[in-house]
> 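I'd like to ask you about the structure that follows.
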Amino acid sequence: NAGVTQTPKFRVLKTGQSMTLLCAQDMNHEYMYWYRQDPGMGLRLIHYSVGEGTTAKGEVPDGYNVSRLKKQNFLLGLESAAPSQTSVYFCASTGGTGTLYEQYFGPGTRLTVT
Amino acid sequence: QKEVEQDPGPLSVPEGAIVSLNCTYSNSAFQYFMWYRQYSRKGPELLMYTYSSGNKEDGRFTAQVDKSSKYISLFIRDSQPSDSATYLCAMSAPGRDDKIIFGKGTRLHILP
């Protein structure tokens, strides 16, 4: 039982390049979330999903897209990376409304955009 | 006004001291109040949660919720160097929203 895993762990991009971050969970959780964490800004929600095939915008969705084609996977895409997207990205999952209080986080992806 | 306010610190206290961490909030719909702990270069993990008002104790940790004042606290007794981490308060209103709102986190250093 690996919990929540994120791929890759580190990445350096040049401005304008694209990439996809993969989040996978093996807990059969319904809800999945993508956050970014920046110094002094805390955790900010980018996009989230309340079930396979669903996605919704969070607090800072601009410049990102997501897909939830399979229940266990949640992908975060950057189509044209900008230096402002330099951050640590965390994926999280939870069972649903009844267990919303307990989000399980992945180890994070450190992204630098130059 | 931000939905959840938390002093970022850093807070430095000597080993063995009692630590008090606090958050205020503005949304009266919040029902679940959580504390997450995040070690350096790791993801946050749930430390404890409280439903509605009252206190909850787990070992050296006590969480308090005062809904009338919209104020929550986490107390750490007999603090240890291993408690050094960032503590994030978080809140949710299940049934109304599918998200958790996090505070910005307080960095805590326990000095040996």
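All chains are named by letter (A, B, ...) in the order of the sequence lines, taking the proteins before the strands, and each is independently numbered beginning at 1.
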> Measuring from atom OG1 of B:T86 to atom CD of A:Q37, what distance do you get when rounded to the nearest 0.5 angstrom?
7.5 Å
> Go through the atoms of A:Y104 and report whether side chain, backbone, both or neither lie under 4.5 Å from a heavy atom of chain B.
neither
> Would you please test A:F90 and B:Q38 for side chain to side chain contact (heavy atoms under 4.5 Å, CB included) and show each step?
CA-CA 12 Å; A:F90 288 102; B:Q38 184 177 20; 3.5 Å; yes
> Which heavy atom of B:R41 sits nearest to which heavy atom of A:F10, and what is that distance?
NH2-CE2, 4.3 Å
> Less than 4.5 Å to any heavy atom of chain A: does that hold for the side chain of B:P44, its backbone, both, or neither?
both
> Is B:Y51 in contact with chain A via its backbone, its side chain, both, or neither, using a 4.5 Å heavy-atom distance?
neither
> Tell me, out of B:Q6, B:E45, B:K99, who's got the most heavy-atom pairs with chain A below 4.5 Å.
B:K99
> For A:Q103, which atoms come within 4.5 Å of any heavy atom of chain B: side chain, backbone, both, or neither?
both
> Look at atom CD of B:E15 and say whether more than 12 heavy atoms of other residues, nucleotides or ligands are closer to it than 6.0 Å.
yes
> For the pair A:Y101 and B:I100, evaluate side chain to side chain contact (heavy atoms under 4.5 Å, CB included) and give the outcome as yes or no after the intermediate values.
CA-CA 7 Å; A:Y101 54 88; B:I100 289 179; 5.6 Å; no
> If I measure from the heavy atoms of chain B, does A:R44 come under 4.5 Å with its side chain, its backbone, both, or neither?
neither
> Please identify, among A:Y31, A:Y48, A:F105, the residue contributing the most non-hydrogen atom pairs under 4.5 Å to chain B.
A:F105
> Rounded to the nearest 0.5 Å, what's the gap from CD1 on B:I101 to CG on A:L43? Could you check?
11.0 Å
